[in-house]
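This chain uses plain numbering: 1 for the first residue, then up along the sequence.
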Amino acid sequence: MTKLDCNVVSCSYNDDNCCSRQDILVEGTQAKTSSETCCGSFAPKGCGCGSNCHKDGAKKETAVACEATECKFNSQKQCSANHIGIAGGHADSCRETECGSFVCQC
Ligand code: SF4
Ligand code: SF4
């Protein structure tokens, strides 16, 4: 599990800069920079999404599946970093979010 901070306050899963999901998927198959990644689990506030959440609210520990295989923390499409930050502020879509902890091994 990865400790996850997320500043995407426009996401329905965001709870005080934590993610209330048990798991997320970071996208960016060809990514060579953070900005080419995104949180594919983003859902805009008001969409009525609420499934797959921790029963007792947001927690720092989240299972992070990740398609950005160029990142040095990617291990068989799972994130092996101890701590990551998802960024995006007031994003309107998942494309406006990113994994700020991406480090290219290219
Ligand atoms: S953008 Fe991703 S990491 Fe952030 S709260 Fe939403 S689902 Fe969780
Ligand atoms: S740190 Fe790397 S492996 Fe982990 S979620 Fe971010 S891009 Fe994926």
**Message:** What I want to find out is whether Arg21 reaches Asp23 closely enough, with some N-O distance under 4.0 Å, to be called a salt bridge.
**Reply:** yes

**Asked** Side chains of Ser10 and Lys45: does their closest heavy-atom pair fall under 4.5 Å?
**Response** no

**Message:** Under 4.5 Å side-chain heavy-atom separation, chaining through any Ile, Leu, Val, Met, Phe, Trp or Tyr, what else clusters with Leu25? Say none if it is isolated.
**Reply:** none

**Prompt:** Do Asn7 and Asn17 have side chains that get closer than 4.5 Å, going by heavy atoms?
**Reply:** yes

**Message:** Using a 6.0 Å cut-off, check whether atom CD of Gln105 has over 12 heavy atoms from anything other than its own residue.
**Reply:** yes

**Salt-bridge contact Arg95-Glu36 (side-chain N to carboxylate O under 4.0 Å)** = no

**Message:** Do Cys19 and Ile24 make a side-chain contact, defined as non-hydrogen atoms from C-beta onward lying under 4.5 Å apart?
**Reply:** yes

**Asked** More than 12 foreign heavy atoms under 6.0 Å from NZ of Lys32: is that the case here?
**Response** yes

**Thr97: which of Ser41, Cys38, Cys6 passes side-chain contact (heavy atoms from CB on, under 4.5 Å)** = Cys38

**Prompt:** Of all heavy-atom pairs between Phe102 and Ala31, which one has the smallest distance, and what is that distance?
**Reply:** CZ-O, 3.5 Å

**Asked** Any link between Phe73 and Leu4 through a network of hydrophobic side chains (Ile, Leu, Val, Met, Phe, Trp, Tyr) touching at under 4.5 Å?
**Response** no

**Asked** Side chains of Thr2 and Asn82: does their closest heavy-atom pair fall under 4.5 Å?
**Response** no

**Asked** Can you find a pair of side-chain heavy atoms, one from Val64 and one from Gln78, that are under 4.5 Å apart?
**Response** no

**Prompt:** Is the backbone N or O of Cys79 less than 3.5 Å from a side-chain atom of Asn74, with the two atoms forming a donor-acceptor pair by type?
**Reply:** no

**Asked** Can you find a heavy atom in the side chain of Cys18 that is under 4.5 Å from one in the side chain of Lys60?
**Response** yes

**Item:** pair Glu98-Ile86: side-chain heavy atoms closer than 4.5 Å
**Value:** no

